[in-house]
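Presented below is the structure to which this report refers.
The shown structure was predicted, so the numbers you read here are calculated from the model rather than taken from an experiment. In what follows, chains carry the letters A, B, and so on, assigned in the order in which the sequence lines appear, proteins first and then strands, with residues in each chain numbered from 1.
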Number of protein chains: 2
Amino acid sequence: MKSEVFEVQAEYFKALSHPVRIKILYYLKKGERCVCEIVPYLKEEQSNVSRHLAALKRAGILSSRKEGVSVYYRVEDENVYKIVDLALCSVKKVAREKVALLS
Amino acid sequence: MKSEVFEVQAEYFKALSHPVRIKILYYLKKGERCVCEIVPYLKEEQSNVSRHLAALKRAGILSSRKEGVSVYYRVEDENVYKIVDLALCSVKKVAREKVALLS
DNA sequence: TGATTATATGATTAAATGCTCATATAGTAT
DNA sequence: ATACTATATGAGCATTTAATCATATAATCA
């Protein structure tokens, strides 16, 4: 496999490597949301949220559309949910195995 | 979902967010490998590789066993391959859609 | 025992990331 | 036009990450 491929994958995972960004993804699970909804939901600074959204968009994970003064973000490819869910399952599985080894 | 869950997921993805670490994963796809094989394969400094391996192990993605003076690393849960493959597919899909939009 | 080899780790530095405050931009309304 | 609101972005700072060099540790061998 070409080394550029690894870089592309690493970039994708870097976009997912922050808890606020993961939280945004789950919040968008049922469909697009306006920034004006996302900010109060996260209880983070507006400028900070804006940057997290930009990071996810840069990675191609989110896309956005403008409606008047509002901006709506949505998940570009639902496969991201398979990825984050699998990651959680894997972490749980490994943790369970560790527990089993100790008992 | 609890916020600790997002942190756990983010930690997992942080471990995957470097091209060298992704490359290590694919190299271990067929089974465990000694550090003495991994280092020349990657053509990176030994100390650097050691830290990347440690990062993957800390995240529970790899485990290791010692045999004499050698250390063998292996993938702890094969699901990680579903994750990295899905990520690549998703990036490709989004890229194709962008191309389609432009043509 | 001392020498050699494999791997890990401490210290340093450079670069990247995340957060905050302040400000810019753009759309809407008066 | 001015004022107001929603969102994005620049600048500064603190923290984290990655790379490198040097050294430590531990196993093996002569």
Heteroatom pairs (N/O) under 3.5 angstrom, protein to nucleotides 5-7 of chain D:
residue: dT7(D); atom: OP1; partner: Cys36(A); partner atom: N; Å: 3.4
residue: dT7(D); atom: OP1; partner: Val71(A); partner atom: N; Å: 3.2
residue: dT7(D); atom: OP2; partner: Cys36(A); partner atom: N; Å: 2.9

Practice task
Tell me what Lys14(A) touches on the nucleic acid: a base, only sugar-phosphate, or nothing, going by heavy atoms under 4.0 Å.
Solution key: sugar-phosphate
Exercise for the section: Ignoring backbone atoms, establish whether His52(B) has a side-chain N or O less than 4.0 Å from OP1 or OP2 of dA19(D). Expected result: yes
Fill in the blank from the handout: Ranking dT20(D), dA18(D), dT9(D) by distance to the side chain of Ser47(A), first place goes to dT9(D)
Problem - Lys29(A) atom NZ: more than 12 heavy-atom contacts under 6.0 Å - result: yes
Exercise for the section: Could you check how far CD of Glu44(B) sits from P of dC21(D), rounded to whole Å? Expected result: 13 Å
Fill in the blank from the handout: Taken to the nearest whole Å, CG/Leu62(B) to P/dT7(C) is 15 Å
Completion exercise
Assign each of Gly68(A) and Arg21(A) the nucleotide of DNA chain C bearing its closest heavy atom; nearer the 5' end lies the nucleotide of Arg21(A)
Handout entry: Check: Arg51(B) side chain, dT17(D) base, donor-acceptor under 3.5 Å
Key = no
Problem - side-chain N/O Asn48(B) vs dA18(D) OP1/OP2, d < 4.0 Å - result: no
Problem - Whether Tyr41(A) and Tyr27(A) hold their rings parallel, tilted or perpendicular, with breakpoints at 30° and 60° - result: parallel
Handout entry: Spacing between Glu67(B) atom CD and dT7(C) atom C1', to the nearest angstrom
Key = 15 Å
Handout entry: Residue-phosphate contact under 4.0 Å: His18(A) side-chain N/O, dC19(C) OP1/OP2
Key = yes
